[in-house]
Undergrad: 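Just dropping this structure here.
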2 protein chains.
Amino acid sequence: MKTKQDTLYVGSLAKGLRLLRAFDEGHTELSLAELAQRTGLDKSATQRLANTLHVEGMLDKNSVTRRFRPSHAWLQMAYAYYWSDPLIGQAMPKLISLSQDLGETVNLAEISGDHIIYVSRLPCKRTYFAATIIGRRLPALSTSAGRSMLATFPEEERQKAIETWPIIPFTPSTTLDRAQIASSIKESARDGYAISTGQMILNEIGVASPIIGHDGRAFAAVQCSVSAHTWTRERIVADILPKLQDTANAISPAFHAHHAGWD
Amino acid sequence: MKTKQDTLYVGSLAKGLRLLRAFDEGHTELSLAELAQRTGLDKSATQRLANTLHVEGMLDKNSVTRRFRPSHAWLQMAYAYYWSDPLIGQAMPKLISLSQDLGETVNLAEISGDHIIYVSRLPCKRTYFAATIIGRRLPALSTSAGRSMLATFPEEERQKAIETWPIIPFTPSTTLDRAQIASSIKESARDGYAISTGQMILNEIGVASPIIGHDGRAFAAVQCSVSAHTWTRERIVADILPKLQDTANAISPAFHAHHAGWD
DNA sequence: ATTATAAGTATCATAATATGATACGTCAAC
DNA sequence: GTTGACGTATCATATTATGATACTTATAAT
């Protein structure tokens, strides 16, 4: 087995991380054999690595079924993340106010490669489970948050993203036509916000307003998800959007100092 | 250097995890040197491990300051955790209803060794930052959630916990006297809920109602934090507690099937 | 009941891989 | 201009991870 860049790359650590990544929404509890299969590591390696992760408190082990599960340590990592991300501390109180004010679900999303990731979620209504938990990554092109951010990027970069970033048909109404997405983003660049309908789940409307960094590029967005059964595009623009934008604009200025050089 | 249990323990992986754990609320961004210092690993090892974590996307690196930060992957781990914990899916919609109903901050806490950990938080009011984010661990004896859970434990075990579990004076009014805590827990065992005041932060009152597992032991609690400026103990018991208990009781039954053998 | 299959656990000789000492480059402070 | 602190790169050595093998349980099939 060849190493990636030899001497300053520790293979065993990387393999251990493979085990951690084997757990996701479809794989919540894994046996040793499943773990081996999913990681492509052999039985012995899996055994040792899983045991190490267990001993170190990263994996819980059911003593009767012998299966592994993410431990509470996985939540502590989110805790550490929150402190390390300067945006969160700035945004949180404002997001709380906003969600109370609107009475609708408010999210904070950041750009993460060609995806967006929800870093904070304040659910106000019953929704599907995945919409209530943080850390969810979605293709940027299919989300209002992603489009609102992309709209602030330099023309060339934006073009490239629209052409190459991934799109996954989550619902029958997910927009697969990139030209259509391009025009949606163009609108967003003009208006300063983005609205999307039924991209991730049917009858869901998302509105997003970008949070702009020191260089004029958005790196995050405040987003609001509402039901198409109770809201129309017009009422969203009239009732939700102004407050949403106020919030996003109130967060942005704090970052003309911060931020620089993070990849 | 001796190994912990030799052949099924991978030292390099454990060391890598040490690096991850070096990040916390007081250490949000670490240089190579700081990382080495905090982990006790030498310069070379730190270099290699940090580089591996960077390459594998677990650490972001600021190309100008050369410092490391937790990456978005840390949030994805929370995402995976949420799916794997069967409690969350059951509890989330009920917690949302409760927080909307009460208009006050609602938390879901689980027992984690001698601490409690907040696994879900629905902030409704502005509070201090740490109270808004998940993954926070607090000494069980000093929290309403911890006490309400402990109250459901068998006498002997409860006794032992009260004598040995850690207490940290977070505020001047944190109860340090274990006898006092014992009587608080005794009350809780009688009443089925726990109230604490000013344990973690001044002028904060916490109420908690336990979520009981198949064996009669609580493993989680629904908790509500309110300000002592606007609430009295009496009004909490009258207005908040009933709904809190309803919620906790509605969640419990779902677990008389689940759960068994997890350490 | 008996056998077969699969999964978890434990051991061990081998060599591959992590180790940390060393040296070089860069930047800031003095 | 010198010093020191820090990040980076290289390399010979042996420590440490490897994976084949065998043992032990559990579950399913005959």
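Residue numbering restarts at 1 for every chain, and letters A, B, ... go by the order of the sequence lines.
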Undergrad: Without decimals, in angstroms, what is the distance between B/Leu30 CG and D/dG7 C1'?
TA: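 Result: 15 Å.
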Undergrad: To the nearest Å, give me how far apart CG (A/Asp42) and C1' (C/dG8) are.
TA: 14 Å
Undergrad: So, is A/Arg66 near the phosphate of C/dA7, with a side-chain N or O under 4.0 Å from OP1 or OP2?
TA: no
Undergrad: Does the base of C/dA21 carry an N or O that pairs as donor and acceptor with the side chain of B/Ser44 under 3.5 Å?
TA: yes
Undergrad: Of the listed nucleotides (D/dT8, D/dG19, C/dT9), which one gets closest to any side-chain atom of A/Ala45?
TA: D/dG19
Undergrad: In this structure, how many angstroms lie between the C1' atom of C/dG8 and the NE2 atom of A/His54, rounded?
TA: 13 Å
Undergrad: Both A/Ala33 and A/Val10 contact DNA chain C. Which one's nearest nucleotide lies toward the 5' end?
TA: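 Closest to the 5' end, via its nearest nucleotide, is A/Ala33.
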Undergrad: In this structure, how many angstroms lie between the P atom of D/dT18 and the OH atom of B/Tyr9, rounded?
TA: 14 Å
Undergrad: Below the 4.0 Å mark, does D/dA17 have OP1 or OP2 next to a side-chain nitrogen or oxygen of B/Ser12?
TA: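 So the side chain of B/Ser12 is within the cut-off, an N or O lying under 4.0 Å from OP1 or OP2 of D/dA17.
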Undergrad: In terms of heavy-atom contacts, does CD of A/Glu156 have more than 12 from other residues, nucleotides or ligands at under 6.0 Å?
TA: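 Open.
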Undergrad: Side chains of A/His54 and A/Asn51: any donor to acceptor distance under 3.5 Å?
TA: no
Undergrad: Within a reach of under 6.0 Å around CD of B/Gln37, are more than 12 heavy atoms found that belong to other residues, nucleotides or ligands?
TA: no
Undergrad: Relative to the 5' end of DNA chain D, which residue comes earlier, B/Arg48 or A/Leu49, by the nucleotide with the nearest heavy atom?
TA: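 Counting from the 5' end, the first nearest nucleotide belongs to B/Arg48.
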Undergrad: Return the value, rounded to whole Å, for the distance between atom CG of A/Leu35 and atom C1' of C/dT9.
TA: 15 Å
Undergrad: Could you tell me how far apart B/Leu13 (CG) and D/dT18 (C1') are, to the nearest whole angstrom?
TA: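 One finds 15 Å between C1' of D/dT18 and CG of B/Leu13, rounded.
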Undergrad: Below 3.5 Å, does any donor atom in the side chain of B/Arg67 face an acceptor in the base of D/dG7, or the other way round?
TA: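 Counting by modelled atom types and ignoring angles, no donor-acceptor contact under 3.5 Å is found here.
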Undergrad: Are any of B/Lys61's side-chain N or O atoms less than 4.0 Å away from OP1 or OP2 of D/dT8?
TA: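 B/Lys61 to D/dT8 OP1/OP2: side-chain N or O found under 4.0 Å.
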Undergrad: With a 4.5 Å limit on heavy-atom distance, are the side chains of A/Trp74 and A/Met58 in contact?
TA: yes
Undergrad: Atom CG of B/Leu8 to atom C1' of C/dG8: distance rounded to whole Å?
TA: 12 Å
Undergrad: I want to confirm an ordering. Mapping A/Gln47 and A/Gly11 to their closest nucleotides on DNA chain C, which one lands closer to the 5' end?
TA: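 Looking at DNA chain C, the more 5' nearest nucleotide goes with A/Gln47.
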Undergrad: Side chains of B/Glu110 and A/His72 only: does a donor on one sit below 3.5 Å from an acceptor on the other?
TA: yes
Undergrad: Can you tell me the distance, in whole Å, between the NZ atom of A/Lys15 and the P atom of D/dT16?
TA: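 After rounding, the gap between these two atoms is 16 Å.
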Undergrad: Indicate, yes or no, whether a donor-acceptor pair under 3.5 Å links the base of D/dG19 to the side chain of A/Lys43.
TA: no
